[in-house]
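A quick write-up on the structure given underneath.
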Amino acid sequence: MPELPEVEVTRLSFADRIQGARIQQLRMGKPLRWPLGCDTSLLQGRTVLRVRRRGKYLLLDLDRGLLLLHLGMSGSLHFASELPPAGVHDHCDLFTSRGTLRLHDPRRFGAVVYADSQDAPVATKLLGHLGMEPLGDEFPLTAFYAGLHARKTAIKQVLLAGEVVVGVGNIYASEALFMAGIRPTTKASTIGRARVARLHEAVRTVLARAVLKGGSTLRDFSNAHGESGYFQLEAMVYDRQGLPCRVCGITIQLLRQGQRSTYFCPQCQKR
DNA sequence: AGGGTGACCTGTCGGC
DNA sequence: TGCCGACAGGTCACCC
């Protein structure tokens, strides 16, 4: 489910409300992708200072330490003063003075991890290799070009890997490449400056637009208020194999790269 | 060293 | 109707 837009939309939907909340209790359900890394009682009495995002991770800064949350493929968060009893797929409840933050994650690829600081080994392992944030001011074109120039893999997979730029998952990689007119199979290192500049702009535009539309709800994504996203309605290629390209009318094609589906228009993305 | 593959886990859908 | 395989928004550990 969640790529950068969905994670950011989630963050925006509860960050203000949970800020300043005092943690009363943490309940963990079935195991998630990684262990919490501390006793749940350790968090009692701590305060949530703010909620940041790094790539597809949400970082809850506490007055001491931080919680790293990841939504995996199927995770979503809810935050409310009163929530129904935990269901089978509700694997984490963070009870606070302002309400309960609940992680719902059927596939359990998500994670809730405690770190003493952002320099703690576990935080470094998860965040240390992450690339540039595409939104905001820390995404210079020159660095993007240099990053792509050093990669011999297909551009789609370089985007997905998150080591050059973070937050671009399977939906938005296809969408950004379409917008930039670049074939997903093109070797990243062979893309010239002008085309990299188009991709740089496309990544920013697609992600920002998706945040504005509340993310993409393909199956079950919703923000912490329980509201769906609508970006999927304006997808140009994702999940549109066999349908006519919205620009040129040619049939959208599907291929597999690294066991993931890639969608593209053979006419609009010639190379 | 970097690139490719399998693994994690559950739900859903299409085909036979 | 029922079963089985393929696939789904992510990403790490491991192999050559």
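Note on naming: letters A, B, ... go to the chains in the order of the sequence lines (proteins, then strands), and numbering restarts at 1 for each one.
Looking only at atom types and distance, the side chain of Ser74(A) has a donor-acceptor partner in the side chain of Asp105(A) under 3.5 Å away. With 3.5 Å as the limit, one finds no donor-acceptor pair spanning the side chains of Arg27(A) and His91(A).
Residue Gln157(A) is classed as having no contact, given no heavy-atom separation below 4.0 Å to the nucleic acid.
If you find the closest nucleotide of DNA chain C to His129(A) and to Ser261(A), the one lying nearer the 5' end belongs to Ser261(A).
For the P atoms, the distance from dC14(C) to dC9(B) is 16 Å, rounded to whole Å. Taking atom P in both dA7(B) and dG5(C), one finds a spacing of 16 Å when rounded to whole Å. dT5(B) sits 15 Å from dC7(C) when the P atoms are compared, rounded to a whole Å.
The distance from atom NZ of Lys152(A) to atom C1' of dA1(B) is 10 Å, rounded to the nearest whole Å. Between the CZ atom of Arg108(A) and the C1' atom of dG10(C) there is a distance of 16 Å, rounded to whole Å. One can place NZ of Lys187(A) at 10 Å from P of dG4(B), the figure rounded to the nearest angstrom.
The side chain of Arg256(A) places an N or O atom within less than 4.0 Å of a non-bridging phosphate oxygen (OP1 or OP2) of dA8(C).
Among dG9(C), dC12(C), dA8(C), the nucleotide with an atom closest to any side-chain atom of Tyr57(A) is dC12(C).
With hydrogens and angles ignored, no donor-acceptor pair closer than 3.5 Å exists between the side chain of Arg107(A) and the base of dG11(B).
Counting only Watson-Crick or G-U wobble pairs whose defining distances are both under 3.5 Å, the stems of 3 or more consecutive pairs in DNA chain C are B:2-8 with C:10-16, B:10-16 with C:2-8.
Judged by ring centres under 5.5 Å apart and planes tilted less than 30 degrees, Phe109(A) stacks against the six-membered base ring of dC8(B).
For Arg33(A) and Phe109(A), the positive end is not near the middle of the six-membered ring at less than 6.0 Å and at most 45° from its axis.
Sorted by first and then second residue, the pairs that involve residues 180-219 of chain A and meet ring-ring contact (aromatic ring centres under 6.0 Å, His included), not counting sequence neighbours, are Phe139(A)-His200(A), Phe144(A)-His200(A).
Relative ring orientation between His89(A) and His104(A) is described as perpendicular, the plane-to-plane angle rising above 60° on a 0-90° scale split at 30° and 60°.
Checked by atom type and distance alone, the side chain of Arg46(A) never pairs as donor or acceptor with a backbone atom of Arg22(A) at under 3.5 Å.
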